[in-house]
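Mind having a look at this structure? Questions to follow.
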Amino acid sequence: MLHGHSSALSLSAHPGPAARLWSSCTRTIQQHPFLIKTVTSGFGFAFGDVLFQLGTGAALPWAQPASAASRSKARRPIDWQRAAAMGGAGLAVAGPVGYYFLMWMEGNIWTAAPHCTAALATKFTLDQVLGLALWHASLAALHEPHRQTCSEVARWPARQLARQAQRRRLQAPGAALKAS
């Protein structure tokens with residue numbers, strides 16, 4: 001820091017493979033933002049599904065027990081077709097929707113100060129909420145157990161309200177007399 005000014009490290013100032021790669025990536029993102037958003041969404045959805053499967057009890061083929069005695073403890077394998085389908089959903093739906101949603105946010109949210117901390121936090125949060133909703137909707141469309149779980153989660157508030165109403169009726173004065 002000289003005389004109150006700071007300078008960011010510029011990779012382009014340092015020749016070499018890293019600088020060329022960085023420059024190429026930056027140029028490609030600027031020239032083809034829609035393509036980059038859709039392709040990265042496709043890879044992200046597929047990779048996210050593999051991680052989800054691993055986190056819910058699946059195992060990679062090389063992580064399965066080798067001996068016959070321990071095969072009874074084998075975990076289910078990764079469902080690669082489901083991961084590919086999730087990648088397709090990211091590529092065909094989430095990427096394009098996410099791209100146009102980002103463009104909408106840039107033109108409509110915090111337009112007076114689009115890069116202030118509050119604007120960036122708001123846009124980031126909205127983008128993540130939309131992304132989560134699209135990911136779960138895609139998985140529910142492709143995977144019956146997840147669809148059933150989502151359906152149960154969606155019905156949970158109504159069940160809770162019904163239980164609370166029943167408790168209030170049972171706790172109300174005279175409820176014991178009416179029940180008999």
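What you are looking at is a predicted structure, and each value in this text was computed from that prediction instead of being measured.
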Open item on the list: Grouping I, L, V, M, F, W and Y whenever their side-chain heavy atoms are under 4.5 Å apart, do Leu91 and Val93 come out in a common cluster?
Closed with: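 In one cluster with Leu91: Val93, no.
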(message) Hydrophobic clustering (ILVMFWY, side-chain heavy atoms < 4.5 Å, transitive) - are Val97 and Leu142 grouped together?
(response)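 Yes; tracing contacts between hydrophobic side chains, which count when under 4.5 Å, links both residues.
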Check for me, please, whether Trp22 and Ile36 land in the same ILVMFWY cluster - side-chain distances under 4.5 Å, paths through other members count.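 Trp22 does not cluster with Ile36.
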Cut-off 3.5 Å, side chains only: do Arg147 and Ser151 have a donor facing an acceptor?
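No, because no side-chain N or O of Arg147 sits under 3.5 Å from a partner of the opposite role on Ser151.
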Value rounded to 0.5 Å, distance of CG in Leu126 from CD1 in Ile109 =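 So the CG of Leu126 and the CD1 of Ile109 are separated by 5.0 Å.
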request  = Check whether any side-chain heavy atom of Pro96 lies under 4.5 Å from a side-chain heavy atom of Lys37, and answer yes or no.
outcome  =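 Answer no - side chains too far apart.
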Answer whether the closest heavy-atom distance between the side chains of Met86 and His143 falls below 4.5 Å.
->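 With C-beta onward as the side chain, the pair stays apart.
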task: Return yes if some donor-acceptor pair links the side-chain N/O of Ser23 with the main-chain N/O of Ala19 below 3.5 Å, else return no.
output: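 Looks like no, no N/O pair under 3.5 Å.
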For Gln128, does the CD atom have more than 12 heavy-atom neighbours from other residues, nucleotides or ligands under 6.0 Å away?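 Check passes, neighbour count above 12.
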Nearest heavy atoms of Ala58 and Ile78, plus distance in Å =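 Heavy atoms only, the tightest pair is CB-CD1, 4.0 Å.
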Notebook entry, point to check: What are the two closest heavy atoms between Pro114 and Ala119, and how far apart are they?
Noted result: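 Reported closest heavy-atom pair: O-CB, 3.5 Å.
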Exercise for the section: Please round to the nearest 0.5 Å and tell me the distance separating atom CG of Leu120 and atom CG of Asp127. Expected result: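 CG of Asp127 is found 12.0 Å from CG of Leu120.
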Output a table of donor-acceptor pairs, distance under 3.5 Å, between side-chain atoms of residues 42-56 and any protein atom two or more places apart or on a different chain; print 'none' if there are none.
from  : atom 1 : to    : atom 2 : distance (Å)
Asp49 : OD1    : Arg82 : NE     : 3.0
Asp49 : OD1    : Arg82 : NH2    : 2.7
Asp49 : OD2    : Gln53 : NE2    : 2.6
Asp49 : OD2    : Arg82 : NE     : 3.3
Asp49 : OD2    : Ala83 : N      : 3.4
Gln53 : OE1    : Asp79 : N      : 2.6
Gln53 : NE2    : Asp79 : O      : 3.2
Thr56 : OG1    : Phe52 : O      : 2.9
Thr56 : OG1    : Gln53 : O      : 3.3
Thr56 : OG1    : Arg76 : NH2    : 3.1

Let me confirm one number: the OG1-CD distance from Thr149 to Glu144, rounded to the nearest 0.5 Å.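 That separation rounds to 9.5 Å.
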- N/O donor-acceptor pair under 3.5 Å between Thr111 side chain and Gly107 backbone: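 Answer holds: no.
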Between the side chains of Glu152 and Gln148, is a donor N or O closer than 3.5 angstrom to an acceptor N or O?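 Per modelled atom types, Glu152 and Gln148 side chains form no pair under 3.5 Å.
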ask   = Same cluster for Leu102 and Trp104 if Ile/Leu/Val/Met/Phe/Trp/Tyr side chains link at under 4.5 Å?
value =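 In one cluster: yes.
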- Look at the rings of Phe34 and Tyr99 and say which category their plane angle falls in: under 30° parallel, 30 to 60° tilted, over 60° perpendicular.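 It falls in the perpendicular class, over 60°.
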Are a donor atom and an acceptor atom from the side chains of Arg163 and Gln160 found within less than 3.5 Å of each other?
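Yes, Gln160 and Arg163 have a side-chain donor paired with an acceptor closer than 3.5 Å.
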Can you tell me if Lys123 uses its side chain to pair, donor with acceptor, with the backbone of His115 under 3.5 Å?
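Not confirmed, Lys123 side chain does not pair with His115 backbone.
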### Query
If you group Ile, Leu, Val, Met, Phe, Trp and Tyr by side-chain heavy-atom gaps below 4.5 Å, do Leu139 and Leu130 land in one group?
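In one cluster: yes.
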